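In what follows, a single structure is set out as structure tokens and then discussed.
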Amino acid sequence: MAPCNLSSRSSSGSGSAAAALVVLVLLCGCGHGFDVDGRRPGLARQFLASHNAARAGLGLPPLAWDKRLARYAQSYASQRRRDCALVHSGGPYGENIFWGSGRGWTPAQAVAAWVAERRWYDYRANSCAPGQMCGHYTQIVWGSSRRLGCASVTCSAGKGVFIVCNYDPPGNYIGERPY
């Protein structure tokens with residue numbers, strides 16, 4: 001069964017950190033790359049901590065950082081540096097994509113935007129509330145996903161920050177529950 005692309009993308013805009021307005025956009029899953037060559041492992045830990053906190057709340061096993069996935073994410077994020085476009089990579093992994101206007105978006109903020117979709121997920125119906133998105137959240141808590149790799153770029157010409165996380169094995173299979 002092929003995965004649906006529910007966990008493809010999220011966008012988030014903000015005028016300031018104190019007055020952030022998060023707008024999530026789901027379409028099916030630039031200056032600082034990190035932890036591809038071990039240069040900025042603190043960001044990898046931030047991504048893992050945020051993801052694994054959401055998973056721990058459901059009793060799910062933690063994700064492990066995967067350098068191969070991080071390299072894939074960095075390669076794709078680098079492609080988005082010029083336009084910051086919310087376009088799915090089309091790769092073989094589960095994927096969440098985030099965009100935030102301005103600078104300085106952290107891994108925790110991107111993951112928090114995705115996890116905030118939890119309120120729209122109805123486990124009993126295994127669906128999102130009508131007119132709402134929840135596929136980013138379900139990808140994060142997809143029970144069979146084991147590995148995570150993420151990257152971030154600050155886009156050219158002040159277009160914002162683009163963040164991508166990839167998950168292996170992917171999740172969000174139509175008709176299956178995440179956990």
Side-chain angles (χ1 to χ4, degrees), residues 5-17 20-55 63-91 93-118 133-142 145 147-168 170-172:
N5 292 324
L6 290 176
S7 61
S8 298
R9 295 187 278 164
S10 171
S11 69
S12 180
S14 170
S16 71
L21 171 63
V22 176
V23 179
L24 299 172
V25 176
L26 176 69
L27 300 173
C28 297
C30 281
H32 53 31
F34 51 89
D35 202 41
V36 174
D37 300 311
R39 289 171 290 175
R40 295 181 66 195
L43 289 174
R45 283 192 297 272
Q46 290 176 48
F47 275 116
L48 277 172
S50 298
H51 277 82
N52 288 334
R55 293 174 66 85
L63 296 172
W65 189 256
D66 185 291
K67 288 183 179 183
R68 177 180 47 95
L69 290 174
R71 282 190 299 273
Y72 179 87
Q74 185 62 58
S75 175
Y76 185 64
S78 294
Q79 293 175 41
R80 299 275 58 100
R81 181 185 310 265
R82 297 187 97 164
D83 61 10
C84 224
L86 289 170
V87 176
H88 186 11
S89 73
Y93 308 113
E95 184 170 85
N96 282 344
I97 297 176
F98 171 95
W99 172 81
S101 65
R103 297 180 162 269
W105 289 91
T106 67
Q109 289 170 315
V111 176
W114 297 326
V115 170
E117 293 177 354
R118 179 181 185 177
M133 295 171 238
C134 63
H136 306 99
Y137 167 70
T138 56
Q139 175 59 76
I140 288 171
V141 298
W142 198 263
S145 291
R147 291 169 296 284
L148 172 70
C150 303
S152 174
V153 293
T154 300
C155 298
S156 304
K159 291 181 180 139
V161 173
F162 181 89
I163 295 174
V164 57
C165 287
N166 292 105
Y167 307 82
D168 190 45
N172 283 342

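These figures come from a predicted structure and were not determined experimentally.
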> Quick one: NE2 on His51 to CG on Leu48, what's the gap to the nearest 0.5 Å?
Replying inline: 8.5 Å
> Only one of Ser152, Cys150, Pro107 forms a side-chain contact (heavy atoms from CB on, under 4.5 Å) with Leu43, so which one is it?
Replying inline: Pro107
> Rounded to the nearest 0.5 Å, what separation is found between the CZ atom of Phe47 and the CD1 atom of Ile163?
Replying inline: 5.0 Å
> Where the side chain of Arg103 meets the backbone of Val161, is there a donor-acceptor pair that is under 3.5 Å apart?
Replying inline: no
> Should the heavy atoms of other residues, nucleotides or ligands under 6.0 Å from CZ of Arg118 be counted, would the total exceed 12?
Replying inline: no
> Any idea which heavy atoms bring Ser145 and Pro170 closest together, and the distance?
Replying inline: OG-C, 4.1 Å
>> If the condition is side-chain hydrogen bond (donor to acceptor under 3.5 Å, both in side chains), which residues does Ser78 pass it with, not counting sequence neighbours?
In response: Gln74
> Looking at Leu69, Asn96, Asp66, which hits side-chain contact (heavy atoms from CB on, under 4.5 Å) with Tyr167?
Replying inline: Asn96
>> Quick check for you: to the nearest 0.5 Å, what is the distance between Ile140 atom CD1 and Glu117 atom CD?
In response: 8.0 Å
> In this structure, are over 12 heavy atoms from other groups packed under 6.0 Å from Arg68 atom CZ?
Replying inline: yes
> Just how far is it from atom CZ of Phe162 to atom CG of Asp83, taken to the nearest 0.5 Å?
Replying inline: 8.5 Å
>> Tell me every residue that passes ring pair (Phe, Tyr, Trp, His ring centres under 6.0 Å) with Tyr93, counting only those two or more places apart in sequence or in another chain.
In response: Tyr72
>> Assess the residue pair Leu63 and Trp142 against the criterion (side-chain contact (heavy atoms from CB on, under 4.5 Å)); give the C-alpha distance rounded to whole Å, side-chain angles, the decisive distance to 0.1 Å, and a yes or no.
In response: CA-CA 10 Å; Leu63 296 172; Trp142 198 263; over 6 Å; no
> Going through the checks in order, is the side-chain contact (heavy atoms from CB on, under 4.5 Å) test met by Arg80 and Trp99?
Replying inline: CA-CA 11 Å; Arg80 299 275 58 100; Trp99 172 81; over 6 Å; no
>> I need the Trp114 CH2 to Ile97 CD1 distance, nearest 0.5 Å.
In response: 8.5 Å
>> Is there a side-chain contact (heavy atoms from CB on, under 4.5 Å) between Asn166 and Asp168? Walk through the geometry before answering.
In response: CA-CA 7 Å; Asn166 292 105; Asp168 190 45; over 6 Å; no
> Looking at Ala77 and Val164, what are the two nearest heavy atoms and their distance?
Replying inline: CB-CG1, 4.0 Å
> Looking only at heavy atoms, which two atoms of Ala113 and Phe98 are closest? And how far apart?
Replying inline: CB-CE1, 4.0 Å
>> Using the side chain to side chain contact (heavy atoms under 4.5 Å, CB included) criterion, which residues pair with Ala108? Sequence neighbours excluded.
In response: Ser50, Thr106
>> Run Gln139 and Cys165 through side-chain contact (heavy atoms from CB on, under 4.5 Å) and show every step you take.
In response: CA-CA 10 Å; Gln139 175 59 76; Cys165 287; over 6 Å; no
